[in-house]
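Both backbone and side-chain heavy atoms feed into the values below; hydrogens, waters and symmetry mates do not.
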Amino acid sequence: MSTENEGTAVPPAPSAPPVPVDAPAASTPQASEAGAPTTPIPPVPPHASGSAQGPELVHAGPAPAYASAEGGARQGASGAPQQHGQGPEGAWPPPQAPGSPLYADGGTGGAGGAWGSDYQQPAPKPKNGRGGLVAAVLVAALVAGGVGGGLGYTLAKDNDNGSSTTLSASDSGGSVKRDAGTVAGVAQKALPSTVTIEAESTSGEGGTGTGFVFDTQGHIVTNNHVVADAVDGGKLTATFPNGKKYDAEVVGHAQGYDVAVIKLKNAPSDLKPLTLGNSDQVAVGDSTIAIGAPFGLSNTVTTGIISAKDRPVASSDGSGSNASYMSALQTDASINPGNSGGPLLDAQGNVIGINSAIQSTSGGGLGGTSQSGSIGLGFAIPINQAKYVAQQLIQTGKPVYAKIGASVSLEDSTGGAKITTEGAGGSDSVEAGGPAAKAGLKPGDVITKLDDHVIDSGPTLIGEIWTHKPGDKVKITYERGGQTHTVDLTLGARTGDS
């Protein structure tokens, strides 16, 4: 379903599956995220540098919206809005009430201030006696021009010795070749390897997102929430900038990571995968180039910089359990609904991240939907993590998550990630024989650091853990009884989102 511009509502985007659970955890709220409505990001203390967490509870604060093209109210086949149910206490708060959309003149779309207002002929300016002066100046200019022209003709005539030279202007304004290092050069090379994805469920719900070519076999990497509606019998298509459209199928999807891989049916033989960079080497201030389909406007290129690294982000549609966690790259490149799943490139054209979520102010977007546009706070999944996840999905069809084997509170906090006293359904909060138990962690311990990354909350811990692979050894700093302790811990593994 394509998104139309200028005053038409953006179609709803795919819903993301529930938050994965790797160890006993508190109950999670309900949500129906499909990669679109723009909702706020959970507040993160400025001192926090990392973000990680286990798939068990839902952060109590607001979350950023997924950046896929979809309306604020989901619509069924009939087109009637469907209201989201309220999640249980402690769930992600529902999206704030949309405000009046802002227009180019700064108005709110009220009578006389919206686009399409009647044109008013400006009133004629009163005569003030300056017309004579203007005419005099004009005559003087014409006289001067005439004198100059005559003088030029005379000089040319006097110097004419019988031979003449004909001068002609160049037909070209110069070379239009774009250097590889320019934004235009990067875009020219990368655009043919990006696609606009349209996902539609069996009930007609869906939305628009973006993806990019991962290999020559036809695998396309995108966000989970972009394709979620098409997972169970829905329709999925991918369109290249040259207009060629291909049917596609979901190979695997990871709700917690918000990464998915689809494969083109009857893929062309000339696919050119984008070159993957190294997101660990990205520095704040590096140039960025984002490609996507904001509000359905396919093949849009925007630029910016890396504004921050290791930003703890738990993104959600604002209604509950459909949250994903990442230790994100933050960029001010313009990212809007429809950019989800698109590549974030460096100045050389290497993919350094997958655009996934945006911070948004409350209020209406184009067409009166509850979506808002870019305010310069976009978040991308680091490509090093996304590459690992994509490879797992291609090989097995299921994601593999690193875990510590303990349930942590996801309530707002600045003191760390507290291990709960009880897990989901009354189970133990520390998994017997799991990594945390082996390291000596107990209920009530507050984890404040993972390696050198400060941990300010449960979501931050989960996002930071998920930047690692199962089997990695990490150093955990925690507080117990007013004392600080440090232990080494080997991360365990959990397969699948359920």
Handout entry: Approximate separation, where rounding is to 0.5 Å, of Ser327 OG and Lys309 NZ
Key = 9.5 Å
Exercise for the section: Examine the side chains of Thr275 and Asn350 and answer whether a donor and an acceptor come within less than 3.5 Å of each other. Expected result: no
Handout entry: Any donor-acceptor pair under 3.5 Å from Glu205 side chain to Asp229 backbone
Key = no
Exercise for the section: Before giving the answer on side chain to side chain contact (heavy atoms under 4.5 Å, CB included), spell out for Val226 and Thr210 the whole-Å C-alpha distance, their side-chain angles and the decisive distance to 0.1 Å. Expected result: CA-CA 8 Å; Val226 169; Thr210 309; over 6 Å; no
Problem - Taking every non-hydrogen atom, the tightest pair across Asn336 and Pro294 - result: CB-CB, 3.7 Å
Handout entry: Nearest non-hydrogen partners of Ala328 and Pro382, listed with the distance
Key = CA-CD, 4.3 Å
Practice task
Quick one: closest heavy-atom pair of Gly349 and Val186, and the distance?
Solution key: CA-CG1, 3.6 Å
Exercise for the section: Check whether any side-chain heavy atom of Val227 sits under 4.5 Å from a side-chain heavy atom of Leu236, and report yes or no. Expected result: yes
Completion exercise
Between Ser340 and Thr222 the two heavy atoms that sit nearest each other are O-OG1, 4.2 Å
Practice task
For Asn266, look at atom CG and say whether over 12 heavy atoms of other residues, nucleotides or ligands are found less than 6.0 Å away.
Solution key: no
Problem - Side-chain donor or acceptor of Tyr257 paired with backbone N/O of Val400 under 3.5 Å - result: yes
Handout entry: Thr288 and Thr331 side chains, donor-acceptor separation under 3.5 Å
Key = yes
Practice task
State whether the side chain of Ser356 and the backbone N or O of Ala380 hold a donor-acceptor pair below 3.5 Å, judged by distance alone.
Solution key: no
Exercise for the section: Using the six-membered ring wherever Trp is involved, compare the ring planes of Tyr246 and Phe240 and label them parallel, tilted or perpendicular (cut-offs 30° and 60°). Expected result: perpendicular
Problem - CA sep, side-chain torsions, deciding dist, call: Val221, Val351, side chain to side chain contact (heavy atoms under 4.5 Å, CB included) - result: CA-CA 11 Å; Val221 172; Val351 182; over 6 Å; no
Problem - Heavy-atom side-chain proximity of Asp445 to Ile447 below 4.5 angstrom - result: no
Exercise for the section: Could you check if a side-chain atom of Val474 sits within less than 4.5 angstrom of a side-chain atom of Ile404, using non-hydrogen atoms only? Expected result: no
Completion exercise
Here the gap from Ile197 atom CD1 to Ile220 atom CD1, rounded to the nearest 0.5 Å, amounts to 7.0 Å
Handout entry: Partners passing side-chain hydrogen bond (donor to acceptor under 3.5 Å, both in side chains) against Asp332 (at least two apart in sequence or in another chain)
Key = none
Exercise for the section: Determine yes or no for a side-chain-to-main-chain donor-acceptor pair under 3.5 angstrom, with Thr302 supplying the side chain and Ser334 the backbone. Expected result: yes
Practice task
Would you check if there is a donor-acceptor pair between the side chains of Asn355 and Asn339 at a distance under 3.5 Å?
Solution key: no
Practice task
Check whether any side-chain heavy atom of Leu489 sits under 4.5 Å from a side-chain heavy atom of Leu441, and report yes or no.
Solution key: yes
Completion exercise
With Phe214 as partner, the option from Leu274, Leu276, Val261 fulfilling side-chain contact (heavy atoms from CB on, under 4.5 Å) is Leu276
Fill in the blank from the handout: The reported gap from OG1 in Thr467 to CG in Leu450 (rounded to nearest 0.5 angstrom) is 7.5 Å
Problem - Check: Thr196/Ser298 side-chain N/O donor and acceptor closer than 3.5 Å - result: yes
Exercise for the section: State, with a plain yes or no, whether a side-chain heavy atom of Asp451 is found less than 4.5 Å away from one of His468. Expected result: yes
Exercise for the section: Ignoring hydrogens and angles, tell me if any N or O in the side chain of Ser193 forms a donor-acceptor pair with the backbone of Lys272 under 3.5 Å. Expected result: yes
Problem - Non-hydrogen atoms of Ala308 and Arg311 that approach each other most closely - result: CB-NH2, 3.2 Å
Exercise for the section: Drop me the distance from Asp280's CG to Asn384's CG, to the nearest 0.5 angstrom. Expected result: 4.5 Å
Problem - Distance in Å, Ile381 CD1 paired with Asp258 CG, rounded so as to fall on 0.5 Å steps - result: 5.0 Å
Handout entry: Nearest heavy atoms of Gly209 and Ala293, plus distance in Å
Key = O-CB, 4.5 Å
Exercise for the section: May I ask you to decide if Thr420's main-chain N or O and Ser429's side chain share a donor-acceptor pair within less than 3.5 Å? Expected result: yes
Handout entry: Pro399 side chain near Leu393 side chain, heavy-atom distance below 4.5 Å
Key = yes
Fill in the blank from the handout: CD of Gln392 to NZ of Lys387, rounded to nearest 0.5 Å, is 12.5 Å
Practice task
Flag the pair Asp232 / Thr202 as yes when at least one side-chain heavy-atom distance between them is below 4.5 Å, and no otherwise.
Solution key: no
Handout entry: Under 3.5 Å: donor-acceptor pair, side chain of Thr216, backbone of Pro273
Key = no
Handout entry: Any Ile335 side-chain heavy atom under 4.5 Å of Phe379 side chain
Key = no
Problem - Under 3.5 Å donor-acceptor, Asn223 side chain and Gly341 backbone - result: yes
Handout entry: Donor-acceptor under 3.5 Å (Ser324 side chain, Gln255 main chain)
Key = yes
